[in-house]
Amino acid sequence: MTGHRSDFIGAAVERGFVHQCTDLGGLDAEAARGTVTAYIGFDCTAPSLHAGSLVSIMLLRLLQRSGHKPIVLMGGGTTKVGDPSGKDDTRKLLSDADIRSNMAGIKDVFAKFLKFGDGPIDAVMVDNADWLDGLAYIPFLRDYGRHFSVNRMLGFDSVKLRLEREHPLSFLEFNYMVLQAYDFLELARRYGCRLQMGGSDQWGNIVSGVELGRRIDGLQLFGLTTPLLTTASGAKMGKTAEGAVWLNQDMLSAYNYWQYWRNTDDADVGKFLRLFTELPMAEIARLEALSGEDINDAKKTLADQATALCHGKQAAEEGSSGAALPTLEVARAALKAGIPAFELFRKAGLAQSNAAARRLIKGGGGRLNDTPILSETQMITADDIGAGGAIKLSAGKKRHALVRAV
């Protein structure tokens, strides 16, 4: 962490969280002088966040562990508009009820990573609908819209890339940058927030907020973005061929979450250990230097650490013990067509006969990806493959097997 005065900036740079900053030296000095209040916004577009949001969540956690105050901003208002950043298509507009339901699902995950309360560095959760929903259109345009240059807005990547690809950009979405900038101003006024953080696709929105605070209230605000992560294979972080790697256990089992990290590409292990665990840097250096079969030890450590943060130590231990589960390989074509649950249980060695498998499932002892199987004739298909690339079958609490498509 040499060259930086504050623990926060030093650790953030060292671990790979920093992509751009409006004034890194000024922010470093501010963080060294005292407590900095910072926020990241999360729109409520799904019932759970996925692993792609973990860089932001871990950055808020690092901020708090370094002695500063995090604000989690729920986008109850901005979700109604839709952020065009990084998107080729207009987001589906959600109803107020959908947004409230999604927000309820998202909120719980933050309590696992941050300490909330009334203390000086305790995290707070805020909903931007509290101030956006009540805005009067004409007064808002007059007081704030005049500070935004359309010429400049057209030059930001979130807008420019969309237009270059000749994908439509609605006026509704074009307003998003203005609303996000206003969020920063409101948080600065209400909570003394000085720093907005987010992914690199948010740079234009963040800079707009920094400038709005200076022009309206004469505030010195800061913006910091994180790299937009892709895996070594080129996939977007938090996405797999089987779907999103959700952070809520009711949408993705802790076992499959563990498997996702265990299956990390060799080239990503060091980067992911720095971002998604709190292991000392010397230990990370040792682990990422491993090669051959030994790199699997580093992947298991990554999976254990990441799963313990999101789902608890017990879930991490269960995931780790599951790494050696017996595995049944099934032709992908057969899985696409579907195989009755009782038959798959027998083939996987969890029952000695079809009749025994039927009795097991009828008695409530059969589970598919940790969810009870309601009928012994339920068809298990390729759609049931989890983020770890396998289907997990369980007979009772202690006997498990994996099914993989080949």
Side-chain angles (χ1 to χ4, degrees), residues 1-42 53 55-73 75 78 83 85 114 120-126 128 131 144 147-149 152-153 155-158 176-228 275:
M1 290 189 284
T2 56
H4 299 288
R5 296 171 56 189
S6 69
D7 290 343
F8 171 58
I9 294 299
V13 170
E14 187 176 39
R15 287 186 172 265
F17 283 101
V18 178
H19 177 64
Q20 288 175 290
C21 185
T22 55
D23 179 2
L24 189 62
L27 177 59
D28 186 31
E30 191 78 13
R33 273 195 296 270
T35 302
V36 171
T37 299
Y39 91 95
I40 298 178
F42 299 86
S53 299
V55 175
S56 291
I57 295 171
M58 290 298 291
L59 183 56
L60 286 174
R61 182 177 169 89
L62 176 62
L63 178 90
Q64 186 172 50
R65 285 166 57 87
S66 303
H68 305 284
K69 187 178 184 70
I71 297 176
V72 176
L73 181 66
T78 43
D83 183 4
S85 303
L114 301 171
I121 66 167
D122 285 346
V124 294
M125 185 173 287
V126 185
N128 63 14
W131 54 82
Y144 300 99
H147 293 287
F148 290 84
S149 162
R152 183 137 190 251
M153 292 168 74
F156 283 126
D157 283 347
S158 58
Y176 192 95
M177 187 183 299
V178 179
L179 296 178
Q180 184 169 329
Y182 182 70
D183 281 346
F184 198 178
L185 181 62
E186 278 290 333
L187 290 172
R189 289 170 171 175
R190 295 176 182 225
Y191 297 93
C193 182
R194 303 289 301 280
L195 168 64
Q196 180 184 174
M197 304 185 292
S200 60
D201 59 339
Q202 296 295 310
W203 178 248
N205 298 346
I206 291 173
V207 168
S208 296
V210 169
E211 293 182 350
L212 186 66
R214 176 177 55 79
R215 288 173 178 160
I216 298 283
D217 286 1
L219 298 172
Q220 184 186 18
L221 304 178
F222 301 92
L224 184 151
T225 62
T226 59
L228 206 59
L275 292 169

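Everything quoted here is computed from the prediction, not taken from an experiment.
A donor-acceptor contact under 3.5 angstrom links the side chains of Gln180 and Gln202, judged on distance only.
Thr22 is linked by a side chain to side chain contact (heavy atoms under 4.5 Å, CB included) to Trp203, Val207, Val210, Phe222, counting only residues two or more places apart in sequence or in another chain. Listed by chain and residue number, nothing satisfies the salt bridge (charged side-chain N to carboxylate O under 4.0 Å, His left out) test with Arg214 (two or more places apart in sequence, or in another chain). Every side chain to side chain contact (heavy atoms under 4.5 Å, CB included) that Ile216 has, sequence neighbours left out, goes to Tyr144, His147, Leu185, Arg189, Leu212. With sequence neighbours left out, Asp122 forms a side-chain hydrogen bond (donor to acceptor under 3.5 Å, both in side chains) with Lys115. Glu30 pairs by the salt bridge (charged side-chain N to carboxylate O under 4.0 Å, His left out) definition with Arg33, Arg194, not counting sequence neighbours. For Asn128, the side-chain hydrogen bond (donor to acceptor under 3.5 Å, both in side chains) partners are Thr78, Asp183, not counting sequence neighbours. Remark: Arg152 engages Glu211 in a side-chain hydrogen bond (donor to acceptor under 3.5 Å, both in side chains) (not counting sequence neighbours). Every residue was checked against the salt bridge (charged side-chain N to carboxylate O under 4.0 Å, His left out) condition with Arg15, not counting sequence neighbours, and none meets it.
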- Task: Go through the steps for Lys69 and Tyr191 under the test side-chain contact (heavy atoms from CB on, under 4.5 Å), then give the verdict.
- Result: CA-CA 10 Å; Lys69 187 178 184 70; Tyr191 297 93; 5.7 Å; no

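A heavy-atom distance below 4.5 Å is found between the side chains of Leu24 and His4. Looking at heavy atoms from C-beta onward, Pro120 lies out of side-chain contact with Thr35 at the 4.5 angstrom threshold.
The two atoms that bring Gly199 and Thr226 nearest to each other are CA-OG1, 3.5 Å, heavy atoms only. When all heavy atoms are compared, the tightest approach of Ala11 to Leu62 is CB-CD1, 3.9 Å. Between Ala32 and Ser6, the shortest heavy-atom distance links the atoms N-CB, 3.6 Å. Listed here is the closest heavy atom pair of Met177 and Ser208: SD-OG, 3.4 Å. Nearest heavy-atom pair across Thr37 and Gly192 is CB-O, 3.9 Å.
Checked against His68 for a side chain to side chain contact (heavy atoms under 4.5 Å, CB included), the options Leu63, Ile121, Leu195 give a single hit: Leu63.
One finds the CD atom of Glu14 at 11.0 Å from the CG atom of Asp7 (value rounded to the nearest 0.5 Å). Note that the CG atom of Asp23 and the CG atom of Leu221 stand 11.5 Å from one another [nearest 0.5 Å]. Taking CE of Met197 as the start and CG of Leu60 as the end, the distance is 4.5 Å to the nearest 0.5 Å. Going from atom CD1 of Ile40 over to atom CG of Leu59 covers 5.0 Å, rounded to the nearest 0.5 Å.
Under a 3.5 Å cut-off, the side chain of Ser200 and the backbone N or O of Thr225 do not form any donor-acceptor pair.
A ring pair (Phe, Tyr, Trp, His ring centres under 6.0 Å) check over residues 17-39, counting only residues at least two apart or in different chains, returns the pairs Tyr39-Phe184.
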